[in-house]
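Quick notes on the structure that follows.
Predicted model only: the values in this text are computed from it and were never measured.
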Number of protein chains: 2
Amino acid sequence: MKTRQVTIKDIARQLDISPATVSRALKDHPDISKHTKKAVIELANSLNYQPNSIALSLRSQKTFTIGVIVPEIIHFFFSSAISGVEATAYKAGYNVVICQSNESYEREVANVNTLLNNRVDGILISVSKNTTDFSHLKKVVNMGVPLVFFDRICNEIDAHKVIVEDKKGAYNAVKHLIDQGYKHIAHLSGPESLQISRLRKDGYLDALKDNGIAHDPRLLLQADNRMSGYQNMKKLLQLEQRPDAVFTVNDNVAIGAIKAIKEAGLKIPQDVAVIGFSDDQKITSLVEPHLSSVAQPAFQIGQTAGELFLKQITNSDSDSFEEVVLDTELIIRGSTDSAKL
Amino acid sequence: MKTRQVTIKDIARQLDISPATVSRALKDHPDISKHTKKAVIELANSLNYQPNSIALSLRSQKTFTIGVIVPEIIHFFFSSAISGVEATAYKAGYNVVICQSNESYEREVANVNTLLNNRVDGILISVSKNTTDFSHLKKVVNMGVPLVFFDRICNEIDAHKVIVEDKKGAYNAVKHLIDQGYKHIAHLSGPESLQISRLRKDGYLDALKDNGIAHDPRLLLQADNRMSGYQNMKKLLQLEQRPDAVFTVNDNVAIGAIKAIKEAGLKIPQDVAVIGFSDDQKITSLVEPHLSSVAQPAFQIGQTAGELFLKQITNSDSDSFEEVVLDTELIIRGSTDSAKL
DNA sequence: AAAATTTATGCAAACGGTTGCGAATACGGT
DNA sequence: ACCGTATTCGCAACCGTTTGCATAAATTTT
């Protein structure tokens, strides 16, 4: 019953020719006679011959596989980005293997090592928030394996990068709050280790400054998930001068903040407005009121990362790297605009 | 700068011994002298030697990789299940490659083929809802590649399976609605092609029957995403005798139904109760009121699937297969119980 | 008819590692 | 001094495929 995978040698044996001839016949090499080619191809089809990718990889030193490392696939942003990578990869004949770092530095290092041991042709990564040492990624570069950063990039390493206008997106979000008449705008920012956190915070600060609002450090706390968003929003609401709006580093923090605001008996957006970042479509239209957010083109980010990888392998001598910066879009919903309730 | 990966041959050349000796030294083979071992291991470490998995796979005919095919990683259930698979796989020294079928039969077939060409040691799959022909999976079995189904299984194929008590879970959900006093209970069921849909529907029907409620076919419609859940709930609400409760095949359909109910100006759960299936934690506690649901142990399902795979490879002569059935848990929230609002 | 060229195929090495078997050396026992 | 036995290592084959080169036969050129 067990039908072992048929190899080129099986075909060769059955036709009483050499494996070399079979190999050439299958790829339509001009040296091989029409007659032989026909016989080989027919037998290959009838036996359902499938080339052994392992052997191919060993021989060609190429696996036609690219590794993608993300913190967690459960997040809408990352799974969309992965789908984007897959789209370009499949088109170019590449496979994609997905690794989750679970926001753990050690796991990320382990991921990199397995990908390297499996000789992937390239690595696309969005780094864990707990990664501060980048030697595992420098090793990737040193080994000549193409490396592309997306979203959560590392500035210490020269490589292709795909990011969004984090600062501008954040600026627009806060500007929108100001335009809506909010005066005491808080920010729940992400871990300082991530450039995206720093940039979004900078956008927040710039928007305040440009609009003549003094920055109150008490309105700036850190949070990077629902729980901490909830807890720190609670703290913000206990200030003698509580904020009347909050911009959060991502949508999950915003969800936590909304919970805290509702529990405090305050109305959104009348008493406190909330705006997130990323526009996780699984949740922004679910919470009441619908959450305003800064949409990132996640799929396109993945696509672009894939394209940069392809560019690097076709143009491997070039040592200049691109930093592609994509635009964000401000999505206004009920959480910041009562007209949209 | 480019540090090509160092091979066993490099080490052999530097120490002026044969590759065979290096290989044996590295795996502490008793034939090799302490002195040689020490030299080899030290050099290997200093050169940061990493065995080439490709070569290993070719030689041993094992890749230590298992392929997992799911419809879409974006869903909480599937990403949790994947994490479960990874947990057991990593512990046993296996890698996991994830494929998305995107609920497309063609893509699923393509996924199976790439996995086979890459000679994975096993395939774990939750089939697409558009898969009605299973020859691609029969091929997997015929080739002697261990196959494990989880959640969305196929009855035509003899293989290990991991499922939950879908019927019982559905029964309990509907029983709960009945206990809460609801009389006209609708069901938005999934595609008939999936056994889980059929079982959940059966559980619904059984619960009605066992409690002396006549089944009204007008209260049974199909829906498998937010949009269709919304649309078909709307239809249900237009019936002259509208339902006062609805049990949906999954949480996203429930979300759509909730939207329709709210738009109709009806109160949840006073006018209409809603209960979903799966307990997608990203959303059940987000929607207002919080959604009751039948929780599936997604992580454990993945873990178990991984364990069944391991069992099959260590015990490859056995041709008896297990069907592991895990329990569900009824999670009662505000959408079915006003006491929980 | 001899030489040159084309046509069609096979040999063997290579990719990187493993492993059965044989061989060389050293050592102990008689 | 001789034999048996460890000890330590290398040779070569193998996994499946590709490819430079050689080779043989067939064909063309001179």
Look for any protein N or O under 3.5 Å of an N or O in nucleotides 12-16 of chain D and output each such pair with its distance, or none.
unit_1: D:dC14; atom_1: O2; unit_2: B:Arg59; atom_2: NH1; d: 3.0
unit_1: D:dC15; atom_1: OP2; unit_2: A:Lys9; atom_2: NZ; d: 3.4
unit_1: D:dC15; atom_1: O3'; unit_2: B:Gln61; atom_2: NE2; d: 3.4
unit_1: D:dC15; atom_1: O2; unit_2: B:Arg59; atom_2: N; d: 3.3
unit_1: D:dG16; atom_1: OP1; unit_2: B:Gln61; atom_2: NE2; d: 3.3

message: Quick check on the helix from C:dA1-D:dT30 to C:dT30-D:dA1: what's the angle between its two end axes, five base pairs per end, to the nearest 10°?
response: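 The two end axes of the helix from C:dA1-D:dT30 to C:dT30-D:dA1 meet at 70°.
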message: Taking salt bridge (Lys or Arg N to Asp or Glu O under 4.0 Å) as the definition, give me every residue that meets it alongside B:Asp28, ordered by chain and number, with sequence neighbours left out.
response: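 Partners of B:Asp28 by the salt bridge (Lys or Arg N to Asp or Glu O under 4.0 Å) criterion, ordered by chain and then number, come out as B:Lys37.
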message: Can you list everything that forms a salt bridge (Lys or Arg N to Asp or Glu O under 4.0 Å) with B:Lys129? Sequence neighbours excluded, please.
response: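 With sequence neighbours excluded, B:Lys129 shows a salt bridge (Lys or Arg N to Asp or Glu O under 4.0 Å) to B:Asp224, given in chain and number order.
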Among B:Ser18, B:Ser23, B:Pro51, side-chain contact (heavy atoms from CB on, under 4.5 Å) partner for B:Ile8: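 Looking at B:Ser18, B:Ser23, B:Pro51, the match for B:Ile8 under the side-chain contact (heavy atoms from CB on, under 4.5 Å) is B:Ser23.
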Is there a donor-acceptor contact under 3.5 Å linking the side chains of [X] and [Y]?
{"X": "B:Asp121", "Y": "B:Thr63", "value": "yes"}
{"X": "B:Asn102", "Y": "B:Ser104", "value": "no"}
{"X": "B:Thr88", "Y": "B:Glu307", "value": "no"}

Can you check whether [Y]'s main-chain N or O pairs, donor with acceptor, with [X]'s side chain at less than 3.5 Å?
{"X": "A:Thr304", "Y": "A:Gln300", "result": "yes"}
{"X": "A:Asn52", "Y": "A:Ile54", "result": "yes"}
{"X": "B:Asp10", "Y": "B:Thr7", "result": "yes"}

message: Students often get this wrong, so: under 4.0 angstrom with heavy atoms, is A:Ile17 touching a base, only sugar-phosphate, or nothing?
response: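 Here A:Ile17 touches the backbone only, sparing every base.
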- prompt: Whole-Å distance between D:dT17 C1' and A:Arg24 CZ?
  reply: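 Rounded to the whole Å, the gap is 12 Å.
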Rounded distance (Å) that lies between atom C1' of D:dT17 and atom CG of A:Asp10: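 Those two atoms, CG and C1', are 13 Å apart.
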query: How would you list, by chain and number, every residue that makes a side-chain hydrogen bond (donor to acceptor under 3.5 Å, both in side chains) with B:Asp158, sequence neighbours excluded?
result: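 If we apply the side-chain hydrogen bond (donor to acceptor under 3.5 Å, both in side chains) test to B:Asp158, skipping adjacent residues, there are no hits.
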message: Could you work out, with side-chain hydrogen bond (donor to acceptor under 3.5 Å, both in side chains) as the rule, every residue matching A:Asp151, not counting sequence neighbours?
response: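 side-chain hydrogen bond (donor to acceptor under 3.5 Å, both in side chains) list for A:Asp151, sorted by chain: A:Gln296.
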Show every ring pair (Phe, Tyr, Trp, His ring centres under 6.0 Å) that has at least one partner inside [range], sequence neighbours left out.
{"range": "residues 50-86 of chain B", "result": "B:Phe64-B:Tyr94"}
{"range": "residues 23-46 of chain B", "result": "none"}
{"range": "residues 129-163 of chain A", "result": "A:Tyr105-A:His136, A:His160-A:Phe321"}

query: So which of residues 31-44 of chain B are in contact with DNA chain D, with a heavy-atom cut-off of under 4.0 Å?
result: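 Within this stretch, B:Asp31, B:Ile32, B:Ser33, B:Thr36 sit under 4.0 Å of the strand.
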- request: Please name the pair of heavy atoms, one in A:Pro71 and one in A:Ser126, separated by the smallest distance, quoted to 0.1 Å.
  value: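 In terms of heavy atoms, the two residues are closest at CD-O, 3.4 Å.
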Enumerate all atom pairs, one protein N or O and one N or O from nucleotides 4-6 of chain D, separated by less than 3.5 Å.
none

message: For a 4.0 angstrom threshold against heavy atoms of chain A, report the outermost contacting nucleotides of DNA chain C in 5' to 3' order.
response: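 The contacted stretch runs from C:dA8 to C:dG16.
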